[in-house]
Each structure stands twice: as structure tokens, then as C-alpha cells.
Amino acid sequence: MKISVVGTGYVGLVSGTCIAETGVNVACVDIDETKIEKLNNGIIPIYEPGLEDIYKKNVEKGRLEFTTDLGASIKDADAVFIAVGTPPDEDGSADLKYVLGVAREIGKNMDHYLVVVTKSTVPVGTSVKVKQAILEELEKRGEKIPFDVASNPEFLKEGSAVNDFLKPDRIVIGTESKRAQKVMQRLYKPFVLNGHPILFMDITSSEMTKYAANSMLATKISFINDIANLCELVGADVDNVRRGIGSDPRIGNKFIYPGTGYGGSCFPKDVQALIRTADEFNYSLDVLKAVEKVNYRQKEVLFNKLYKRFEGDLKGKKFALWGLSFKPKTDDMREAPSLVIIEKLLEAGASVAGYDPVAMHEAERILGDKISYAKDEYDALIDADALILVTEWSEFRLPNFRVMEKLLKSKIIFDGRNIYDPEELAELGFEYFAIGRKTK
Ligand code: NAD
């Protein structure tokens, strides 16, 4: 089989590479010429564990290529996947200009039957718009080439994207065409043979599934953050409460870790977009509106603790910040809680020395010289008034507290991910602040 994947970001690049791994010929397309040049020269523009090995292997085997030429990429293809970004519009709804732009390009260039698959996260009704855009272009050309649209939302997680794609919990495919279903069934057969199920459904339900999944996950996070804040007020420890509720299988112990609020390129925009979709149908998604509100508040919780501890006097103070990416094992900083905290610290007249195992380049691109960049986690601590831990990279879990106390100006830690033991830190003489925990 042969496919084209348009958009070589976190989703497109991982999907294309992993599908090539099953023996399919894949052309990955992007309008960003620099990105394509890098990929053609052996450089992967994103950090994703495990991606480099299978990328190299499939390029060497001649199954994976990179191009800016969408027209050439769909010649002889069985299917074309649209995996471009769907950022929030001004009102929070998903901006479809990139998706529909690609659909028009497909309509301008296709010359045989194709399954056009939306892999981007798109609101209900988008596949109809994709179909319409292609039909309009075909009409302009005076052509009547058959095609089908399908929806195949992606559930991979940055940081474990390759593993998630190769071993999905489920593959969701929305299509109303038997012909398209056959193509998709064939393409995903290697995954099904490895025990990963395909759930076929109508397109609208498939589009809805992705938003419902991310909204449910965001809800879990805001719920536990809300409970954590209450725990602090009543004198409970959210870590005990988390373990206490997580052992009930109806609740489950995953995704109920309190922190500094959810970020990243998906949850914030997808929650917003689903609220807007409901608004369009005159329905108010009240639970999700609260999820969003709690999340905005949570992104400031750590800063507020710090502000209170230093009695509002942050001018001239220096803070070490560990973890810049929005979560561990990725260099993605879109909507990262670290950015909110940094902005507030700078506004208050403090300076920040940041360190992240992989997101330093991305941080420099976004923040420039607003902060200083440490060469490792200990370097960031030199003469800092406190450490602020924002992202729980594994290398931050067991640091040498004896070394840390020598480097820090004062022995204060603000832990936004509850990764340290309050008792141990108290014994070592650290002042320790966490989220929803008894720390003294
Ligand atoms: P991204 O921003 O990393 O990548 C998008 C790519 O599309 C960019 O390289 C951009 O240059 C390219 N592009 C834009 N317009 C184009 C065009 N006309 N032709 C060719 N290429 C074009 O985005 P992403 O994180 O990979 O997300 C893509 C979609 O997948 C979004 O809808 C997102 O919500 C969804 N999604 C993302 C994740 C994730 O973890 N990042 C997970 C599941 C679903």
C-alpha cells in the first residue's frame, strides 16, 4: 500500500513513520521547507523517544520519504491523511484553515480514487466540509473523480507517541463507505493482528470520540486539582486521598495526580473547542466550563504559594525552575504551566534560571533572553532563593539534597508535582511547599 501523510508535526511524523514500519510506503508532506529539508538530512525536528530508530530504518528501506509536494505524494496513493494543526480560533473554536487548505490541495491534484482521512482533531461536521472543499476543486477542474472521507482521530501521547501508535488501546475509524472501510481495514491489519482493535463507527461519532476522550482526561485533572486545594484547607493530604480513591476500579488510579494544571497543545484547545461546538447547538457544557476555570486557577497556585512565602517581595530575587516542557519526555512547551509561572515571576521583578532535559532549545525560541538557561539542574540552583519544580522529569525525582542545600541561597522548594517526600525534606531542614499536601 501507499499513503500520503500531510503535516509532519508530532502526529503526522509519528503516524507516517509507524505506518511505514508495517511495510507501507509513506510520503510525509509539509509546507515548512526547513522541516522537510531537516527530515531529508537525517534530522528529526521534534523530540520523541524511539522515533529516531524507526525513522532511520524506514528511510533506509526506502519506505519513508519527505516532500513539500502534496500533488506528487498522492500519485498512486491509497489514502491521504490530513494531520495538520487545528489551533484555537479567536473564540476558542478549532481553526480549520489548515485542514481545509489541505483538502483543497487534494481536490486540485487527485487523479484517482482516494480515501481522504482526517487525523487532526476536528470538530463534528468537519469531514462534511473536507468533502465539500474537495468537490468544489474537482468541479472547477470539470472532473468527477470518486473519493471517500474518513475520520481517524489520533490518541497518541507526546513522550510515548511511538509506543502509543504501534500499540494503540483502540483505533477509531469513522466512515460511511464500505470501500473506504476496506482500505482502512487493510492498512491497519498489522495492528489488528497484534491484538489492537479497530472500532468502526459513523463519522460524527468518531469526531466526537476524540473530543470526549480529551475532555474526560482534562476533567480528571481539574477534579483532582480542586480536591487538592480543598485538602490543603481542611488539613488532609491529597496523596493519601488519591491512593484512597484510585483503588476503586470504577475510578482507577491513572490521571488523578494533582499539579500545576493541564497544558500542552491538546487539552486546553480541545476542551475549549468542545464547549464552542455545544454553544453552536445551544447547549451549555457546564462541567467542561468548570474544568477550564479550575485549570486557569491551578496554573497560578504554585506562584501564589511562592508570592505568599516571600510576602510579595520578589523584586531582585532569583528562582531556579526545573522542567519547562508541559510534561516529561517531550520538548513541547505549548500552553506549558512553566510559561505562566515564568511570566508572573518576571512581572514581579524576579529572575529565573531554567533547566529542562530536552526543551532548552524550545524555551530559548519562545522566551529568548527573558530567563537564563542553566547547563544542568544543579547549575540552575546557584544562588537561587528557591527551587520551583514544574515538570516531573524522572531525573528530578531523586536529586542530591545535600548538594542542593549548598547551592541554594535558601533551602526552599516549591514542588508543583508532589514528587518529594515532605517528611524527608523536613528532616533535611528544607521548607517544602507542594500541592494539596501536609508539608509541615
Ligand atoms: P504540529 O503543529 O506539531 O504539526 C502540524 C504540521 O502541519 C506542521 O509541521 C505544519 O507545518 C504542517 N502544516 C500546516 N499546514 C500545512 C499544509 N497546508 N500542508 C502541509 N503541512 C502543513 O501539530 P500536531 O501536534 O502534530 O497536531 C496535529 C493535529 O493532531 C492537531 O489537530 C492536534 O490536535 C491533533 N493531535 C495532536 C496530538 C499531540 O499530542 N500533539 C495528539 C493527538 C491529536
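Throughout, numbering of the chain's residues begins at 1 and tracks the sequence. Counting convention: from 1, in listed order, for ligands and their atoms alike.
Of all protein heavy atoms, the one closest to atom 25 (O) of ligand 1 is Arg334 NH2, 3.1 Å. Closest to atom 41 (N) of ligand 1, if we only count protein heavy atoms, is Glu158 OE2, 2.7 Å. Scanning the protein heavy atoms around atom 4 (O) of ligand 1, the nearest turns out to be Gly9 CA, 3.2 Å. In terms of protein heavy-atom proximity, atom 7 (O) of ligand 1 is closest to Gly7 CA, 3.5 Å. Among protein heavy atoms, atom 16 (C) of ligand 1 sits closest to Ile31 CG1, 3.4 Å.
Residue-ligand proximity: Glu33 is placed with every non-hydrogen atom at 4.0 Å or more from ligand 1. Heavy atoms of Glu105 stay at 4.0 angstrom or farther from ligand 1. In this structure, Ala83 is part of the shell of residues with a heavy atom less than 4.0 angstrom from ligand 1.
Interface of Ser120 with ligand 1, defined as ligand atoms under 4.0 Å from a residue heavy atom, comprises 29 (C), 30 (O), 32 (O). Each of the atoms 17 (C), 18 (N), 19 (N) of ligand 1 lies under 4.0 Å from some heavy atom of Val102. Ligand-side atoms of ligand 1 in range of Val6: 19 (N), 20 (C), range being under 4.0 angstrom from any heavy atom. The Lys269 neighbourhood of ligand 1 comprises atoms 33 (C), 34 (O), with distances under 4.0 Å to a heavy atom of that residue. The Glu154 neighbourhood of ligand 1 comprises atoms 43 (C), 44 (C), with distances under 4.0 Å to a heavy atom of that residue. Remark: ligand 1 atoms within the under-4.0 Å shell around heavy atoms of Gly85 are 5 (C).
For the side-chain hydrogen bond (donor to acceptor under 3.5 Å, both in side chains) criterion with Glu21, the lone passing option out of Lys57, Lys61, Arg63 is Lys57.
The pair Glu105-Lys108 meets the salt-bridge criterion, since a charged nitrogen lies less than 4.0 angstrom from a carboxylate oxygen. Checked for salt-bridge contact, Glu300 and Lys344 meet the test: a charged N lies under 4.0 Å from a carboxylate O. A salt bridge links Asp237 with Arg437: at least one charged nitrogen is closer than 4.0 Å to a carboxylate oxygen. Ion pair Glu343/Lys299 not flagged as a salt bridge, since none of the NZ, NE, NH1 or NH2 atoms sits closer than 4.0 Å to an Asp/Glu carboxylate oxygen.
Residue-to-ligand polar distances keep Lys119 apart from ligand 1: every N/O pair is separated by 3.5 Å or more. The shortest N or O to N or O distance between Lys210 and ligand 1 is not below 3.5 Å. Among the atoms of Lys35, some N or O lies under 3.5 angstrom from an N or O of ligand 1. In terms of N/O distances under 3.5 Å, ligand 1 is not approached by Asp32. Where the criterion is an N or O separation shorter than 3.5 Å, residue side chain and backbone included, Val11 meets it with respect to ligand 1.
In the candidate list Asp270, Ile82, Val84, Val84 is nearest to atom 29 (C) of ligand 1, counting heavy atoms. Here the shortest heavy-atom distance to atom 31 (C) of ligand 1, taken over Leu156, Val99, Val29, Thr86, belongs to Thr86.
Within the 4.0 Å heavy-atom criterion, both parts of Thr121, backbone and side chain, lie near ligand 1. Contacts of Lys157 with ligand 1, taken as heavy-atom pairs under 4.0 Å, are absent altogether. Looking at Asp30 against ligand 1, both its backbone and its side chain come within 4.0 Å, counting heavy atoms. Under 4.0 angstrom from ligand 1, there are no non-hydrogen atoms of Arg104. Contact annotation: for Ser265 versus ligand 1, heavy atoms closer than 4.0 Å belong to the side chain alone.
Residues Pro399 and Tyr420 meet the side-chain proximity criterion, which asks for heavy atoms closer than 4.5 Å. Counting heavy atoms from C-beta on, the side chains of Ile342 and Leu367 come closer than 4.5 Å.
The side-chain hydrogen bond (donor to acceptor under 3.5 Å, both in side chains) check on Glu52 picks up Lys56, with sequence neighbours excluded.
Taking the six-membered ring for Trp and the full ring otherwise, the centers of Tyr355 and Trp322 sit at least 6.0 Å from each other. Checked against the 6.0 Å centroid criterion, the rings of Phe165 and Phe191 qualify as a close aromatic pair.
Of the N and O atoms on the side chains of Arg417 and Thr391, not one donor lies less than 3.5 Å from an acceptor on the other residue. Under 3.5 Å, the side chains of Asp148 and Tyr113 contain a donor-acceptor pair of N or O atoms. For the residue pair Asp415 / Tyr432, a side-chain donor-acceptor distance below 3.5 Å is found, with atom types taken as modelled. Between the side chains of Ser15 and Lys119, no donor N or O sits under 3.5 Å from an acceptor N or O.
Applying the salt bridge (charged side-chain N to carboxylate O under 4.0 Å, His left out) definition to pairs two or more places apart or across chains, those involving residues 198-226 are Asp226-Arg297.
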